[in-house]
Amino acid sequence: MKRKFGLLGVIAALLQVGGVVTIAVSIGLVVAALIGTTVNIGFALAQALSIVVAGLTLIAFGGVIAMVREIEFNTRRNAYYTMLIVRGQRARQAKRAAQQSRRQRPATPPPTA
């Protein structure tokens with residue numbers, strides 16, 4: 001079954017990658033603050049913490065988009081298989097009804113000439 005909404009998958013992946021990059025930048029900021037002496041360490045740590053929260057938020061949004069896309073795919077797939085099951089049951093019922101009607105028909109007498 002073909003997936004729909006391919007662009008949503010790309011957006012979700014980009015958000016998650018952006019979140020990871022943001023967290024990596026935050027770690028770099030903390031390392032730079034610890035190495036350098038001209039930057040206020042408390043301010044740098046507060047900035048890093050806020051950047052980590054922003055990165056985690058991006059990762060979460062990407063995950064939510066991916067989850068909603070998967071839910072939609074599963075719903076469509078289940079509807080498709082349910083339709084196949086119902087069609088199969090209807091076909092079996094029609095076949096069974098045809099067989100029963102053949103059994104119930106009276107035998108036709110042979111034609112007389």
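Just the heavy atoms: all of them, side chains too, but no hydrogens, waters or symmetry mates, feed the values below. Keep in mind the model is a prediction, meaning the values are calculated, not measured.
Separation of atoms CZ (Phe5) and CD1 (Ile11) is listed at 12.0 Å; rounding is to 0.5 Å. Interatomic distance, Glu70 CD to Arg77 CZ, rounded to the nearest 0.5 Å: 8.5 Å. For the atom pair CD (Gln89) and CG (Leu84), the distance works out to 11.5 Å, reported to the nearest 0.5 Å. Annotation: the span from Asn74 atom CG to Arg69 atom CZ amounts to 11.5 Å, rounded to 0.5 Å.
Under a 3.5 Å cut-off, the side chain of Thr22 and the backbone N or O of Gly55 do not form any donor-acceptor pair.
Results of the side chain to side chain contact (heavy atoms under 4.5 Å, CB included) test with Leu58 over Val20, Ile23, Leu15 single out Leu15 as the only residue that passes.
A continuous path of ILVMFWY side-chain contacts below 4.5 Å connects Ile27 to Val52, so both sit in one hydrophobic cluster. Transitive grouping of hydrophobic side chains (ILVMFWY, heavy atoms separated by less than 4.5 Å) brings Met83 and Tyr81 into a common cluster. Grouping the Ile, Leu, Val, Met, Phe, Trp and Tyr side chains by contacts below 4.5 angstrom, directly or via other members, places Ile71 apart from Leu8.
Applying the under-4.5 Å side-chain rule to Ile, Leu, Val, Met, Phe, Trp and Tyr, the cluster around Ile51 extends to Leu29.
In Phe61, the CZ atom is not crowded: 12 or fewer heavy atoms of neighbouring residues, nucleotides or ligands sit closer than 6.0 Å.
Residues that satisfy the side chain to side chain contact (heavy atoms under 4.5 Å, CB included) test with Ala66, not counting sequence neighbours, are Ala12.
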